[in-house]
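Structure, as C-alpha cells:
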2 protein chains.
Amino acid sequence: MKLQQLRYLVEVERRGLNVSAAAEALFTSQPGVSKQIGLLEEELGLTIFERSGKRLTAITAPGRIVLAMAQRMLVEAQNMKRVGEDFAAESSGTLSIATTHTQARYTLPPVIQRFVRRHPAIRLHIQQGSPLQVAEWVMDGSVDLGIATEALDRYPDLVTLPCFQWAHKVVTPRDHPLLAMQPLTLAALAGYPLITYDATFTGRSRIDRAFERQNLRPNVMLTAIDSDVIKTYVALGLGVGIIAEMAFDPARDEALAAMPVSHLFEGNTTRVGFRRDIWLRGYEYDFMELLAPQLTRRMVEATLKGEGADPGL
Amino acid sequence: MKLQQLRYLVEVERRGLNVSAAAEALFTSQPGVSKQIGLLEEELGLTIFERSGKRLTAITAPGRIVLAMAQRMLVEAQNMKRVGEDFAAESSGTLSIATTHTQARYTLPPVIQRFVRRHPAIRLHIQQGSPLQVAEWVMDGSVDLGIATEALDRYPDLVTLPCFQWAHKVVTPRDHPLLAMQPLTLAALAGYPLITYDATFTGRSRIDRAFERQNLRPNVMLTAIDSDVIKTYVALGLGVGIIAEMAFDPARDEALAAMPVSHLFEGNTTRVGFRRDIWLRGYEYDFMELLAPQLTRRMVEATLKGEGADPGL
DNA sequence: ATCCTTTACGCCCCGCGTAACCATC
DNA sequence: GATGGTTACGCGGGGCGTAAAGGAT
C-alpha cells in the first residue's frame, strides 16, 4: 500500500469515478492511476469500485470504508507536512482563508495588515464565496480557515469558534424620511423597497426572521452578496439598505446616513471554522488571535481538546 | 513521504532509538533505515531525533508530534488491510488473543471450539501473560483482543466490554475441617495457609481487599498464576486454595472439595478489550459474541460510536 | 463513433543491500 | 576496541509514461 495509491483513490472518487479527470488533476497519466488502483484493490483483496465492463459505476460497501480511511490517512500526512513547516521555519507557508465579501472587505483588511507585518513570508490566499461555499471549501481541505456568519456551525466535522458579534444597520440617502423616525420600526421599514444581502449571506437569515415574526412582507427589491453594491444602489435612491454595521464608514460613505437597528434584528456572530482533524500551524493560531483577541492559542487548543469527540465513520 | 519511512520511524522509537535493532526487527538493512529517516526529516524540514555525533539520543518536540501522527497512519493502514481480509474472504486471517491462564484454560476452550467450527480457516493465536502484559500487548498492537479480569479498564485508549461475572471458590482436600463450617468466614480462612493467585492476577485484588477490610492478615503461603498449580498444591495438603469458580471441575478435581465464597469476596468481571482505533474484523465480532452472548455486533458497534471520544494528541 | 478504461511495454528513478568509513562509549 | 550510524555505490523492482486495444454508451 502506497500513499500515492490512496491519493489516486480519493481523487477518483472526488471526480465522480472518472479516472481520466483524476489523473489530470494529479498531473499524471491515466493508465498509471488505473493501474495503481487496481493494485491497491488486489493488495486489499477487495473491489473498491463497481465496474460495468470497463467503466467505474459505483463504490462498493467496503470501498466506502477504505475511502474514508484513505482520506483520514491523507489528512494526517498533510498534517505531518504542516508540522514541518510550522516548526522548521515559521517563515514560509501559505495561509488560505475562505470568507464572504463583507468580511473580506471590512473585517479582514486590518487583520491581514497586522498579520502580514508579523509574518512577511507567509503567502496569503483569500477565497471569496457564499457561506455554504466557505464551509464546503473548509471541509474538502481547499482552504485552512473559513470565516462566515452563517452556515459554518452546521458542519459537525468543523470546529467553529465565535470571533465577534455585530448588528445590522439601515442605510439611506441623507435626506430620507426614515431618518426622522424615532425609533425606527420594522413596519416602517417594510413600507420602503429594501436592498440587502443575498438569501444565504451575512446575517440575512436574521433579517428575514425579524420580519416574519411580525408577519410583515418586506419588499426586498434587490439583493447582493456585496455591501458595496447595496450601498451604491441605496445612494442612487433605489431603496433602503440593510447592511452589516462594519460595512458602513461615515467618512467614505458620506452620501449615506446610517441608523442603528439592533433593536429590530437579532445580533449576529461571525465565526471562524476549520476541520477538526487538521494541524493548525503557529501562524494560523496567530491569525485567529489577530482576528479575535479572545482566540488565544491556549483557548483554541483547549476547545479542540474539549470537543475531542470524533464522530468517525 | 512513504509509509515505509513511517514504519522505520516508529520502529526506531520502539527500539529505544536504536536504528540497528529496528532494521533487524523489520528484516531490512540498517543503512536503509537510517537513510529513509534522514530523507523523511529532510522532506518535513525538521529533525525528529536529536543526535550526539552519530548516535540518536532523544526525540525532539516536533518529532514527538510526527511520531504520534505516524503511528495513527500506520494503524489506519493496518485497518485498511483488515477491511480487506474482512470483506474479501471472511475465511482467511488471524485472530490473536492475549489472556491470562485462567481464561485460556477454563473459559476459552469451549468458545474457541465453537469459533473454530464456524471459522475453520482463521488461524488462532493465544498469548498468555499477566493482565498488565495483556493490556500492553493490546495497546501496542501485537494482539487484537485482550481478555482479563484486571487492569484492562485502566487504559483509556482501550475499549473494554464486560463479558461475564464470576466468583471465587475455596478448594480444600476432601477431608478438610473447613468443610464442616457453615457459613465459612474470612477469619476461619485466615487461620489456614492459603494458596492463591499471584499479586496481579485473576481477581487477586478482590481477595486482598476482603481480608484488609476485616483487618485480617491471611497467611498466603504460595501464589501462582495458574489455577492448576494451585489445585495441585491444595491436593498435596499444603493449604487452602482460593481460585476462580470456573477453574473447579468436580469431575476432574475429585481429590478436592469446593465451597462457594461469594459472600466473602466481591464479584469479578472479566472483560474483553481492544484498541479503540483498530478495525474489528467480522470474525472478531463473532468471537466476542461467542465469548459473551450479550456482546452482539450491534451492541459493540453502538458502544464504539458512543465512546467516540478520541483523546488524540 | 466516441469516450474511457485496461493491457502492454520500456525507461528510469529509487529503495535496498553490501561495503567501507567514522563517531561515541 | 566495540557498538552503532552515516556515506558510497551498484543492482533490481516498480512506478510512470507512451502506445494500442477493448468495452460502453
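All chains are named by letter (A, B, ...) in the order of the sequence lines, taking the proteins before the strands, and each is independently numbered beginning at 1. What's counted below: heavy atoms across the whole structure, side chains too, no hydrogens, waters or symmetry copies.
Judged by closest nucleotide on DNA chain D, A/Q4 is the one of A/Q4 and A/R55 placed further toward the 5' end.
The salt bridge (Lys or Arg N to Asp or Glu O under 4.0 Å) search around B/D277 returns B/R275, not counting sequence neighbours. In this structure B/R7 satisfies the salt bridge (Lys or Arg N to Asp or Glu O under 4.0 Å) test with no other residue, sequence neighbours excluded. Residues meeting the salt bridge (Lys or Arg N to Asp or Glu O under 4.0 Å) test with B/R154, sequence neighbours left out: none. Contacts of A/F49 classified as ring-ring contact (aromatic ring centres under 6.0 Å, His included), with partners at least two apart in sequence or in another chain: none.
Within the 3.5 Å criterion, the main-chain N or O of A/G273 finds no donor-acceptor partner in the side chain of A/T160. With hydrogens and angles ignored, the 3.5 Å screen pairs no side-chain donor or acceptor of B/Y8 with any backbone N or O of B/V19.
Chain B approaches DNA chain C over the interval C/dG15 to C/dC25, counting the first and last nucleotide 5' to 3' with an atom under 4.0 Å from its heavy atoms. Protein chain B contacts DNA chain D from D/dT3 to D/dT7, reading 5' to 3' and using non-hydrogen atoms of the protein with a distance under 4.0 Å.
The side chain to side chain donor-acceptor pair (under 3.5 Å) analysis of residues 13-23 of chain B, with sequence neighbours excluded, yields the pairs B/E11-B/R15.
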Side-chain atoms of residues 27-40 of chain B: list all donor-acceptor pairs with protein atoms under 3.5 Å, sequence neighbours left out, distances to 0.1 Å.
unit_1	atom_1	unit_2	atom_2	d
B/S29	OG	B/G32	N	3.3
B/Q36	OE1	B/Q5	NE2	3.0

Donor-acceptor pairs under 3.5 angstrom involving side-chain atoms of residues 129-137 of chain A: please list them, not counting sequence neighbours.
unit_1	atom_1	unit_2	atom_2	d
A/S130	OG	A/L132	N	3.4
A/S130	OG	A/Q133	N	3.1
A/Q133	OE1	A/S130	N	2.9
A/E136	OE2	A/Y155	OH	3.0

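Annotation: cation-pi pair A/R297/A/Y285 present, NZ/CZ under 6.0 Å from the ring centroid and within 45° of its normal.
A/F49 comes within 4.0 angstrom of nothing in the nucleic acid, heavy atoms only. Among the protein residues, B/L26 comes within range of no part of the nucleic acid, since none of its heavy atoms lies under 4.0 Å from any strand.
Remark: A/L17, A/N18, A/V19, A/S20 in residues 14-23 of chain A come within less than 4.0 Å of DNA chain C through at least one heavy atom. A heavy atom closer than 4.0 Å to some atom of DNA chain C occurs in B/F27, B/T28, B/S29, B/P31, B/Q36, these being the qualifying members of residues 27-37 of chain B.
In this structure, A/R281 does not pair ionically with A/D286, as no charged nitrogen and carboxylate oxygen lie closer than 4.0 Å. In this structure, B/E284 pairs ionically with B/R82, as a charged nitrogen and a carboxylate oxygen lie closer than 4.0 Å.
Defining each end axis of the helix from C/dA1-D/dT25 to C/dC25-D/dG1 as the rotation carrying four pairs' C1' atoms onto the next four, with five pairs an end, the two axes are found to diverge by 40° to 10 degrees.
Using a 4.5 Å heavy-atom cutoff, the side chains of A/L44 and B/M80 are in contact.
Annotation: B/E42, atom CD; neighbour count of heavy atoms from other residues, nucleotides and ligands within 6.0 Å does not exceed 12. At most 12 heavy atoms of other shown residues, nucleotides or ligands fall within 6.0 angstrom of atom CD in A/E24.
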